[in-house]
2 protein chains.
Amino acid sequence: MSLLETNLKYNVNQTIFVAVDCAIFGFDSKSLKLLLFKRKVEPLKGHWSLIGAFIQDDLSIDEGAKQVLLESTGLSGIYLNQLKTYGNKDRDPGARVISVGYYSLIPVGEHEISEVEEYDAKWFELNELPELILDHRQMVDDAIDAIRTNARSKPIGFNLLPPKFTLPMLQTLYESIFQRTFDQRNFRKKILGMGILDKTNEKDKSTSKKGAFLYSFNKEAYDDKTYETFI
Amino acid sequence: MSLLETNLKYNVNQTIFVAVDCAIFGFDSKSLKLLLFKRKVEPLKGHWSLIGAFIQDDLSIDEGAKQVLLESTGLSGIYLNQLKTYGNKDRDPGARVISVGYYSLIPVGEHEISEVEEYDAKWFELNELPELILDHRQMVDDAIDAIRTNARSKPIGFNLLPPKFTLPMLQTLYESIFQRTFDQRNFRKKILGMGILDKTNEKDKSTSKKGAFLYSFNKEAYDDKTYETFI
DNA sequence: ACAAAAGTGTTTGATCTACACCCATGG
DNA sequence: CCATGGGTGTAGATCAAACACTTTTGT
């Protein structure tokens with residue numbers, strides 16, 4: 001359908017562009033991090049920003065977000081969730097642009113660290129974020145809020161962990177998300193009581209001499225139950 | 001800023017239109033209702049739909065949503081919240097349109113019933129909704145989900161009630177939202193225990209001979225506390 | 001042998017649930 | 001005087017929070 005046709009059909013005269021921006025969070029067994037990029041276009045070229053791009057006409061916005069992620073990080077098949085849409089009139093000095101915000105959760109291994117930095121990207125600790133362009137700081141804050149809210153009722157945390165992980169890792173992750181500590185015994189009791197983790201016989205010895213048992217997330221068991229409060 | 005300039009600056013060639021659609025919920029002391037409109041433009045003219053319109057270039061999307069609401073219902077100053085953005089490629093047969101969904105909560109009095117029906121609008125019971133155009137049914141379902149989630153942690157229910165209301169009304173409202181009954185004693189205990197309601201000396205006798213005391217919501221008391229779970 | 005992280009139960013208080021009768025009043 | 005909806009308290013169950021010691025093993 002051509003622009004002319006659509007314009008006639010709906011009698012609209014808009015000059016608004018539609019972009020997506022994605023806040024990519026990663027966990028490396030120690031802390032929650034945010035992936036930022038050096039902006040490549042004017043205005044504000046060279047400043048730190050979330051990864052974003054204009055939507056192509058032939059992609060849904062969800063597909064657009066996926067593609068942005070793939071093109072700018074090489075990552076695909078990862079957790080990606082719509083956050084909210086930012087539409088203040090003057091939010092972008094370059095044009096009238098509304099941006100559909102997304103957030104993405106990924107485990108950060110050695111691979112992801114090096115891989116991603118080939119794209120002019122860098123992982124930042126959440127409490128050491130540089131200044132961000134436009135309303136991207138707001139997006140990040142909103143995303144953290146959304147992750148917290150979401151993490152209470154759904155096991156989204158598992159998207160930040162490798163397929164096999166230890167309970168201490170899981171606890172550290174939730175402590176990073178909620179910025180508080182959890183009692184070790186209560187935490188394990190609660191998580192294991194849900195019956196959604198499968199224990200393996202393997203141990204991870206990278207963080208202690210004793211080693212911690214590796215577990216995997218049992219999605220079927222979770223789907224059967226759908227908890228209302230998770231943590 | 002002209003289209004040409006912006007296009008040059010960002011080198012974009014998009015033909016996507018941006019609309020807002022708003023799901024307006026009302027409560028009339030008995031049940032939760034949804035306000036629907038007969039669509040006025042082709043395609044699908046005459047079918048039931050949420051109220052919506054294209055965003056004007058000089059308004060933020062939040063302002064756009066407010067204006068749509070004002071123009072199509074005469075209502076202003078009411079609770080309005082962004083839901084999510086719908087961006088499937090072929091969601092609108094008339095053009096490539098993405099729609100930012102909103103939901104709105106209002107008390108429905110005699111006034112609002114008659115007032116609103118001058119606009120080719122009609123209140124429907126939630127379990128008697130007609131077929132809706134495009135993905136509007138999805139928007140409604142998402143909005144109900146969002147209202148439920150939100151109502152658990154914030155007192156949004158009070159936006160659906162008049163300034164003075166009775167506890168039986170409030171309970172009926174929450175029962176409409178969650179589609180379940182609550183024990184009367186437990187409900188009152190919990191709500192009153194929050195200390196966010198001011199009891200008046202007046203009684204509403206419209207639904208019983210004994211009459212029920214009217215209360216008002218004390219926003220200050222609520223802000224002091226910010227509960228994590230509300231119901 | 002010791003440092004460092006993993007693993008394990010019990011007790012207490014708070015919260016949630018279930019449950020049934022009296023009250024006030026208009027008709 | 002009676003039908004109708006408004007108002008009230010308690011006991012048992014469940015859940016959340018606080019709390020400290022033992023185990024394993026690499027160095």
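Throughout, a chain's letter reflects where its sequence line sits, starting with A, and its residues are numbered from 1.
Qualifying ring pair (Phe, Tyr, Trp, His ring centres under 6.0 Å) partners for B/Phe124, counting only residues two or more places apart in sequence or in other chains: B/Trp48. Taking the side-chain hydrogen bond (donor to acceptor under 3.5 Å, both in side chains) definition, one finds that A/Asp204 meets it with A/Ser206, sequence neighbours left out. Legend: residues meeting side-chain hydrogen bond (donor to acceptor under 3.5 Å, both in side chains) with B/Tyr102, ordered by chain and number and at least two apart, are B/Asp62. Every ring pair (Phe, Tyr, Trp, His ring centres under 6.0 Å) that B/Phe158 has, sequence neighbours left out, goes to B/Phe165, B/Phe217. Remark: A/Arg91 pairs with A/Asp135 by the side-chain hydrogen bond (donor to acceptor under 3.5 Å, both in side chains) rule, at least two apart or across chains. Remark: A/Lys189 pairs with A/Asn186 by the side-chain hydrogen bond (donor to acceptor under 3.5 Å, both in side chains) rule, at least two apart or across chains.
Look at CD on A/Glu202: it is 17 Å from P on C/dA6, rounded to the nearest Å. Distance B/Lys30 NZ to D/dG5 C1': 13 Å, rounded to the nearest Å. The distance between atom CZ of B/Phe213 and atom C1' of D/dG7, rounded to the nearest whole Å, is 10 Å. C/dG7 atom C1' lies 15 Å from atom CG of A/Leu197, rounded to whole Å. Distance, B/Phe187 CZ to D/dG7 C1': 14 Å, rounded to whole Å. Counting to the nearest Å, the P atom of D/dC15 and the CZ atom of A/Phe182 are 18 Å from each other. C/dT25 atom P lies 14 Å from atom CG of B/Asp204, rounded to whole Å. Atom CG of A/Leu167 and atom P of C/dG7 are 6 Å apart (whole Å).
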Protein-nucleic acid N or O pairs under 3.5 Å, nucleotides 25-27 of chain D:
from	atom 1	to	atom 2	distance (Å)
D/dG26	OP1	A/Lys205	NZ	3.1

Pairs under 3.5 angstrom, nitrogen or oxygen only, protein versus nucleotides 8-15 of chain C, please.
from	atom 1	to	atom 2	distance (Å)
C/dT10	O4	A/Lys189	NZ	2.9

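Within the structure, every pair that satisfies the salt bridge (Lys or Arg N to Asp or Glu O under 4.0 Å) test and touches residues 160-182 of chain B, not counting sequence neighbours, is listed here: B/Lys164-B/Glu202.
A donor atom on one side chain and an acceptor atom on the other are not found under 3.5 Å apart for A/Asp21 and A/Tyr86.
B/Leu132 has its side chain out of reach of B/Met139: every pair of non-hydrogen atoms, C-beta onward, lies at least 4.5 Å apart.
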